[in-house]
Novice: 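Can you read through this structure? Questions will come right after.
Below, chains carry the letters A, B, ... as their sequence lines are ordered, and counting in each starts from 1. No experiment lies behind these values; they were computed from the predicted model shown.
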Amino acid sequence: MLLPLVKYNINYYIKSAKYLPPVIIFVAFIGIMYQTRPIGIWSNLHVTAVALFIFASWIAATFVNSEDKTQQYITMLHVKNETKYHLAKIISIMMFLIPFFVFIFLLPAAGGFFARNLLASEVIVYLAVYFLVCLMGVGMGIFFNSHILPGEMGVLVHFVAIIVAVLPFNVIFADIPLVVFANHLLPPINFLADRLHNLGEDIFVIDLMFWGFVAWTLGYALLLMVGYCALVQWRNKLQ
Amino acid sequence: MTELISLKNISKSFGGKLVFCDANMSIKTAEPAVIMGKNGCGKSTLLKIIAGLLKHTGGEITRTPGIKISFAPDRFPKLPFKVEEYMQHMGKIQGLTSTEIDKYITQQFDYLGIPANIKSQVIYKCSKGTIQKINIMQAFLTKSDLLLMDEPFSGLDEGSIERLLQLLAKTAQENTAIIISCHEKLLAQRFTDNMYIFNGQSLAKAVSAAYRLCIKTTAATGQPQEIIIHKDKLNETLTALMQNGKEIYSVNPIKE
C-alpha cells in the first residue's frame, strides 16, 4: 500500500508546481558554484552539504503543505491508518530528493571538476553525507511548518531554525561555554561543515567521529520525524 | 443489525466556542441515518468526528476496532489530477488493480450518467455536478463498513439524485451503515425515516408527524397499549389488529 501512496504523493507534488522555486534556486546555485574549477573535494562537500540541507528542508516544507486539506481526509481514510499516511509522506519526500543528491554528486565526479579522482571511501562519505543532510533537512522541514505552527508563524520559525542550524555558533561564540554546549543540541550540520572546512585536502577518515556524526544525525532526524507524526495527528484532530 | 459506533453526549468546541453538544447516536449496519440542521450547526463537524478525523471535546465515542470508513465531503477539492488518474491512485491505495479500477470507472460513469470523455479531464475543470459525482465515485470505490456523505445530493440533477438514492438503498441492504447530512427534508425522508436534527446546539432524534401515527389498542393481557408505526404501514396494521379481535381506541398523528 505504501508504494501507490508514495507515487500519488509525488505526482500530486509535481502537479502542484510548489517544487519549482527551491529547485530553480538550488540548480542555479550549483551551476554558479561549479563555474570555478578545479574544485576541492572537501570544501565542495562542505558547501554542497549545507546547500542540500537547506534545499531538502524547503522541499519538505512545501511537500507537506501541497495536498488540499479535504483531500488529506479522503486519502487518510483510503489508507485506513493516519500514521501510515504521514510515514508515506516522509518516504515520498526522500524519494523525490534522491535524484537531486545523486545529481550533485555525479556532476563534478563524472565531469572531472575535482582536482583529483575520488577514492572509494570518499565516494561512500560523499553519498552518506548527502543522504544524512537530506534526512536532516526533511526532518526540519516537516517539523517546522504550518501543520504544526499555523500561518506565518510556521514559516518564520522554520526560517529561523534553518539559520540557527547552519551558522557555526560554536566558532562565533567560542568563548561562551553555554552557547558551545547549546550548539550540541542543534542539528549537527554546522558540526559537519566545520569538520569538512578544516580538512583542506586531507583524506576524510571514516573513524569513530564519522560514525558518531551518522548516529547523531540519524537520531536527530528520526526524532523530528516521529515528533511530526505525533504532533500533526494531535493538531489535526483539534481543528 | 450490528452497532459499529456509539456516540454519548458528544460535544465539540473550536477555540472555546461551543458548536454543538448532547449528540447521542447509535450507528448500526443496515440502519441508515440522516443528520439535518441549519447551516453552520455542526453537521460536517459531526461527520468528521464519527470518521475519526476530528476529536470531540466532550462525551464518549465507542468504536468497533478495524471498521472501514468511506467519506464523501460536502465540497470535493478541485484537484490537479485527471479523473481517471485520480481514481487509479485512490483505487491502488486501497489495493485494487488497474483493471478492476478501469472496470469500476466505466460502470460508475455509465450509472451516474457521466460522459466518457470526462475520464481524461482534469478535475478542477469539471462542472460542480461532475465533481460531486467523482466525489461519490471515490466514496463507493470499495465496500466499507460505514459510509459517511456530507450533502451528497448537492449539485446533482434529478436523474442523478434518483440513481444515488437507489445506490444508497442497495448499499444499505449490503450491510453498510450509512450516515448522510442533508438540507432537503423531502429527499432525506425518501432515504430513511431515521433522522437526527440539530435543534440549536443539541442533536435530537426526530419523529416526523408526516410518517408516524399512534394506535391505542388492547394487547394480549387486556391492558391498553401504545404502538408507533410508519404511516405507510397504517392500513395493514389496522387490518391485522382487527382480524385478531383487538379493539382500537384512537389513531393520532405524532407532532414533531
Side-chain angles (χ1 to χ4, degrees), chain A residues 1-20 62-92 95-96 147-151 153 229-239, chain B residues 12-16 19 44-45 47-57 61 65-82 85-98 101 122-124 131 134-135 137-139 141-142 144-148 150:
Chain A
M1 181 210 289
L2 278 183
L3 184 57
L5 189 48
V6 167
K7 282 184 181 173
Y8 160 74
N9 284 333
I10 293 174
N11 202 353
Y12 199 129
Y13 185 57
I14 290 171
K15 286 180 190 296
S16 75
K18 288 186 177 179
Y19 65 92
L20 282 173
T62 52
F63 201 110
V64 293
N65 289 331
S66 61
E67 194 179 16
D68 177 272
K69 184 73 183 175
T70 304
Q71 180 56 39
Q72 286 179 29
Y73 288 144
I74 295 171
T75 311
M76 270 185 233
L77 287 173
H78 281 300
V79 175
K80 300 180 189 71
N81 185 311
E82 198 174 342
T83 304
K84 269 190 196 165
Y85 169 83
H86 293 297
L87 182 66
K89 263 288 196 270
I90 295 168
I91 294 170
S92 305
M95 297 299 289
F96 183 85
H147 275 224
I148 308 293
L149 296 161
M153 180 62 76
C229 285
L231 280 172
V232 78
Q233 289 185 63
W234 171 76
R235 193 166 185 284
N236 274 347
K237 286 181 165 56
L238 286 182
Q239 286 175 345
Chain B
K12 180 65 180 174
S13 300
F14 286 114
V19 178
S44 300
T45 303
L47 285 178
K48 285 174 189 164
I49 290 172
I50 293 169
L53 298 168
L54 288 180
K55 193 164 168 50
H56 53 288
T57 308
I61 298 182
I67 59 169
K68 294 180 197 173
I69 301 176
S70 293
F71 177 58
D74 58 339
R75 274 185 285 249
F76 191 77
K78 292 189 174 187
L79 300 172
F81 291 102
K82 291 179 185 171
E85 191 184 10
Y86 173 75
M87 295 304 301
Q88 282 285 342
H89 276 305
M90 293 297 112
K92 283 176 182 170
I93 287 169
Q94 291 250 32
L96 299 175
T97 63
S98 276
I101 300 164
V122 183
I123 292 174
Y124 68 74
I131 290 177
I134 296 162
N135 187 14
M137 278 177 64
Q138 64 80 22
L141 197 49
T142 54
S144 49
D145 299 306
L146 172 60
L147 174 61
L148 300 166
D150 198 349

Novice: Are A:T75 and B:M90 packed together at the side-chain level, in the sense that at least one heavy-atom pair is separated by less than 4.5 angstrom?
Specialist: yes
Novice: So, B:Y86 versus A:Y8, ring centres under 6.0 angstrom or not?
Specialist: no
Novice: Could you check if a side-chain atom of B:D74 sits within less than 4.5 angstrom of a side-chain atom of A:T70, using non-hydrogen atoms only?
Specialist: no
Novice: Search all heavy atoms of B:L141 against all heavy atoms of A:H78 and return the closest pair with its distance.
Specialist: CD2-CE1, 4.2 Å
Novice: Can you list the residues that meet the side-chain contact (heavy atoms from CB on, under 4.5 Å) rule with A:S16, with sequence neighbours excluded?
Specialist: A:Y13, A:K18, A:S66
Novice: Apply side chain to side chain contact (heavy atoms under 4.5 Å, CB included) to residues A:Y12 and B:H89 and explain how you reach the verdict.
Specialist: CA-CA 10 Å; A:Y12 199 129; B:H89 276 305; over 6 Å; no
Novice: Taking atom CD of B:Q94 and atom CG of A:L77, what is their separation to the nearest 0.5 Å?
Specialist: 9.5 Å
Novice: Mind checking whether B:L54 and A:Y73 have side chains closer than 4.5 Å, heavy atoms only?
Specialist: yes
Novice: Taking side-chain contact (heavy atoms from CB on, under 4.5 Å) as the definition, give me every residue that meets it alongside B:L146, ordered by chain and number, with sequence neighbours left out.
Specialist: B:L4, B:I5, B:I27, B:I50, B:I69, B:L148, B:A177, B:I179
Novice: Nearest 0.5 Å, please: how far is CG in B:L53 from CD in A:Q72?
Specialist: 10.5 Å
Novice: Is there side-chain contact between B:K92 and A:K7, with at least one heavy-atom pair below 4.5 Å?
Specialist: no
Novice: Below 4.5 Å, heavy-atom pairs only: which of B:Q88, B:E85, B:K78, B:K48 has the largest tally toward chain A?
Specialist: B:E85
Novice: Which bit of B:L79 comes within less than 4.5 Å of chain A, counting heavy atoms only: side chain, backbone, both or neither?
Specialist: side chain
Novice: Would you mind checking which part of A:I74 comes under 4.5 Å of any heavy atom in chain B, side chain (CB onward), backbone (N, CA, C, O), both or neither?
Specialist: side chain
